[in-house]
Visitor: 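Before we start, here is the structure in question, set down as structure tokens.
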Number of protein chains: 2
Amino acid sequence: MAITRTGPNMNVIAAALGVSAATVSNALSGKGRVSPELIERIRAKAAEIGYVPSLAARALRTGRTGVLGLVLPDIANPLFPQIAQAIENAASAAGYGVLIADSRGDVAMQTEAINRLIERGVDGMVVVPRRGTRIADVGCPVAVIDTPSTPGNTVAADHWDGGAQMGRHLAALGHRRVVLIGTSSSSNVQNDRIGGLKAGLGPEAECETLWIEKVEAVGGKGCSLGLAENARAGFTAFAAVSDLSALRALTELQRAGIRVPEMVSVTGFDDLVWSPVVTPALTTMRMDMAMIADLAIAALIRVIEPEGEAEEAAAGKVASETDRVPMQLVVRQSTGAPHSGGALNLHAPTSNKPTAGELKS
Amino acid sequence: MAITRTGPNMNVIAAALGVSAATVSNALSGKGRVSPELIERIRAKAAEIGYVPSLAARALRTGRTGVLGLVLPDIANPLFPQIAQAIENAASAAGYGVLIADSRGDVAMQTEAINRLIERGVDGMVVVPRRGTRIADVGCPVAVIDTPSTPGNTVAADHWDGGAQMGRHLAALGHRRVVLIGTSSSSNVQNDRIGGLKAGLGPEAECETLWIEKVEAVGGKGCSLGLAENARAGFTAFAAVSDLSALRALTELQRAGIRVPEMVSVTGFDDLVWSPVVTPALTTMRMDMAMIADLAIAALIRVIEPEGEAEEAAAGKVASETDRVPMQLVVRQSTGAPHSGGALNLHAPTSNKPTAGELKS
DNA sequence: CTGAAAGCGCTTACAG
DNA sequence: CTGAAAGCGCTTACAG
């Protein structure tokens, strides 16, 4: 039985022009030594008949599929869109497709997902590992995006420095007593951000770290974080280590009648889609996902595509040292000087507009 | 030059056992007529040497890649994680991989993305079309997820009915004057939701529809929506057609000192991750993404995998009639009876806890 | 500059 | 129940 292909193959071009398939291949790939006029004629014919190369055949022949895998700890993570978009972009710019795999937050499924990708013959993969996971040797190039403090990492935002920038921003506004809010104390990323925050706030600042998972272990999921009490006790800023937590803090405070930023400041991390949309808009730290993705893909390609050097040596290892991509402070309305506007000043948050100079780094 | 494969191929199994490659293939695929004992020995040997079939070779031979494409209007869309996760799940349960493609909100890029997927030889694709786009015949099976009122749609949540459910919920609480909030008046999905909302609220309700894009065209991006004025004018509920808009409404109202739900109610759509996390938690409508994904994938597979019937007739068309998947009302703290708690009742929102009976379908 | 030939790893009629 | 053979569409040394 003849397998029906959707389009014509190389042979019809070759036949139509009275040349060999090898020449067509060489002409189309550009690397062959074919006369310019012939290349032109072949190109034209290919375009004319709507030739589309068979990636499957090429893959079988070359051993490379032109597909990269993206494995994520949990697709439901709100940060996922940014990552996926950046990776998809960088990959397709480099001529690669992206196959997604979801770990659903489970370590066993992460391994399974990685295996599925390997069976599908990906040329390499970028993995955002689940907390605490070490990616074993999988026999194909892997780029890990986590945090520079994770061993085996390839590229990541400099979370610690991001925390430090935010800490300095708050310190400069005059905040000395701040509540640091994270969700999980076992997260490297979150710990790095909190470490940076403390450093940026300086030794004279009084910091209290609140892990939501611990509060909820006692109070139940979705319970009050007791932030209003903190505010009344004199804390003037709430620095969350993710926008999600910042949003929770912001709405909890607002609901308790505490005005942001007039009475207390709130900051987040990651600049999720809705961060500029809430009132007051959230001051946050943004990762340069495009750059992170570019570096990850570049690292992968460096080992996938042989350049004449000894690429075998690096197989499975994609970079020896982690690239740290700086984060960018985005100052919006949710931060101001402590008690700047007063509790009753309802309609004049004008003093908190970000100035051009504040949007730095 | 010999192409180095990572693992052993069929021939090494065949050689080790003194049988032919054809028999190995038949044994492993299960469809062949091979003796049970031989099948067992072949299976065992395959496992022993860690045989992994070459999908590229299989694809070349059968003309099917076992990969589906997922094309989205914009990966940055906050709903994307839900969709991607559901599709990835349904697809991998059916033995398919998922290749992602991002349109970045652009019609031209949507076409380009679709073409890239076709070049990669996907067996079919599910597309969430950009507003107003009709997916042309692409020569491969396509399942469209949009809204039942979109021509050519395959499967979708019943957005209109979702709106109606929400409208009835608000009407039952006693709301008669409600502001309907959407972002874009050219969105089929949003218009369906708004239509349902109006129907559910009933003819005696006074509705005012506010399109954010129009307000921003005048006031600038991120400007005030003037919701506090609406509240003071006597509107008691704000029904947004997405959680993102609901969040904007909620925080704008809170910031203006208007208490939710004591003074006004706010509702959203889609049940995004942060919806249960804000204070007060958002009442919203949830789509059954798992079911939508299952139906989309099933429709695709029905035409991809021939079952002996005339499948040619359906090529390119995946379903004749749209499957409507019901939405589910999720009642949380952001809705209550109009002015139930009074403006000054700060710490007793207990009357607004959802009861079991309210969480209906 | 161009072509003939081999082969990537699989599956599928077909013959035995 | 099992095997020999052909072929999916491409690329790559190699020879001319």
Side-chain angles (χ1 to χ4, degrees), chain A residues 1-43 45-46 49-66 118-121 123 305-306 308, chain B residues 1-42 45-46 49-66 118-121 123 305-306:
Chain A
M1 178 183 119
I3 307 291
T4 15
R5 269 254 301 170
T6 25
N9 63 22
M10 270 189 172
N11 292 316
V12 352
I13 301 178
L17 262 36
V19 298
S20 75
T23 298
V24 175
S25 174
N26 280 323
L28 259 22
S29 68
K31 65 182 69 144
R33 306 114 305 194
V34 184
S35 67
E37 324 92 278
L38 187 47
I39 289 185
E40 203 27 68
R41 284 174 57 216
I42 290 174
R43 287 249 162 84
K45 194 47 141 189
I49 66 175
Y51 168 69
V52 176
S54 158
L55 278 315
R58 184 177 294 167
L60 177 56
R61 176 62 227 231
T62 63
R64 296 210 309 253
T65 53
I118 292 192
E119 283 178 20
R120 294 217 171 270
D123 293 338
E305 298 178 3
Chain B
M1 176 184 120
I3 308 292
T4 13
R5 269 254 300 169
T6 26
N9 64 20
M10 270 189 173
N11 291 317
V12 353
I13 301 178
L17 261 35
V19 298
S20 74
T23 298
V24 174
S25 174
N26 281 322
L28 259 23
S29 68
K31 66 181 69 143
R33 306 112 308 192
V34 184
S35 68
E37 323 93 279
L38 187 47
I39 289 185
E40 202 28 67
R41 285 174 55 215
I42 290 174
K45 193 47 138 189
I49 65 175
Y51 168 69
V52 176
S54 159
L55 278 315
R58 183 177 294 166
L60 177 57
R61 176 63 227 227
T62 64
R64 297 211 309 253
T65 53
I118 292 193
E119 283 177 20
R120 294 217 171 270
D123 293 338
E305 299 178 3

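Note that the structure is predicted; figures quoted are calculated from it, not measured.
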Visitor: Starting at CG of A/N26 and ending at C1' of C/dT2, how long is that distance when rounded to a whole Å?
Guide: 9 Å
Visitor: Roughly, in whole Å, what's the span from CZ in B/R41 to P in D/dT2?
Guide: 9 Å
Visitor: Give none if D/dA4 has no partner; otherwise give the nucleotide forming a Watson-Crick or G-U wobble pair with it, both distances under 3.5 Å.
Guide: none
Visitor: Expressed in angstrom and rounded to an integer, what is the separation of B/L17 atom CG from D/dT2 atom P?
Guide: 11 Å
Visitor: Starting from C1' on C/dT11, measure out to CG on B/L55 and report it in whole angstrom.
Guide: 14 Å
Visitor: Please report the interatomic distance CG(B/L60) to OG(B/S54), rounded to the nearest 0.5 Å.
Guide: 9.0 Å
Visitor: Grab the two heavy atoms, one from B/G66 and one from A/R120, that are nearest each other, plus how far apart they are.
Guide: O-NH1, 3.3 Å
Visitor: Where the side chain of B/R61 is concerned, which of D/dG3, C/dG3, D/dA6 is the nearest nucleotide?
Guide: D/dA6
Visitor: Using purine N1 to pyrimidine N3 plus N6-O4 or O6-N4 for Watson-Crick, or N1-O2 and O6-N3 for G-U wobble, each under 3.5 Å, what pairs with D/dA13?
Guide: none
Visitor: In whole Å, what is the span from the CZ atom of B/R64 to the P atom of C/dT12?
Guide: 9 Å
Visitor: Whole angstroms only, please: what is the CG-P distance between A/N11 and D/dG7?
Guide: 12 Å
Visitor: Using every non-hydrogen atom in the two residues, find where B/A16 and B/K45 come nearest and quote the distance to one decimal.
Guide: CB-CE, 3.5 Å
Visitor: For B/S54 and C/dG9, is the shortest distance between a side-chain N/O and OP1 or OP2 below 4.0 Å?
Guide: no
Visitor: To the nearest Å, how far apart are B/N9 CG and C/dT11 P?
Guide: 12 Å
Visitor: Can you check the B/L60 CG to C/dC8 P distance for me, whole Å?
Guide: 13 Å
Visitor: Using the side-chain contact (heavy atoms from CB on, under 4.5 Å) rule, take B/Y51 and B/L28 through it: C-alpha gap first, then chi angles, then the decisive distance, then the call.
Guide: CA-CA 11 Å; B/Y51 168 69; B/L28 259 23; 3.7 Å; yes
Visitor: Which is more 5' along DNA chain D, the nucleotide nearest A/R58 or the one nearest B/A22? Just name the residue.
Guide: B/A22
Visitor: So, is A/S25 close to the D/dT11 phosphate, meaning a side-chain N or O under 4.0 Å from OP1 or OP2?
Guide: yes
Visitor: Can you tell me if A/T23 touches the phosphate of C/dG3, counting only side-chain N or O atoms and a distance under 4.0 Å to OP1 or OP2?
Guide: yes
Visitor: Less than 4.5 Å apart, side chain to side chain, heavy atoms only: is that true for B/I118 and A/V52?
Guide: no
Visitor: Is A/S35 near enough to C/dT2 that one of its side-chain N or O atoms lies under 4.0 angstrom from OP1 or OP2?
Guide: yes
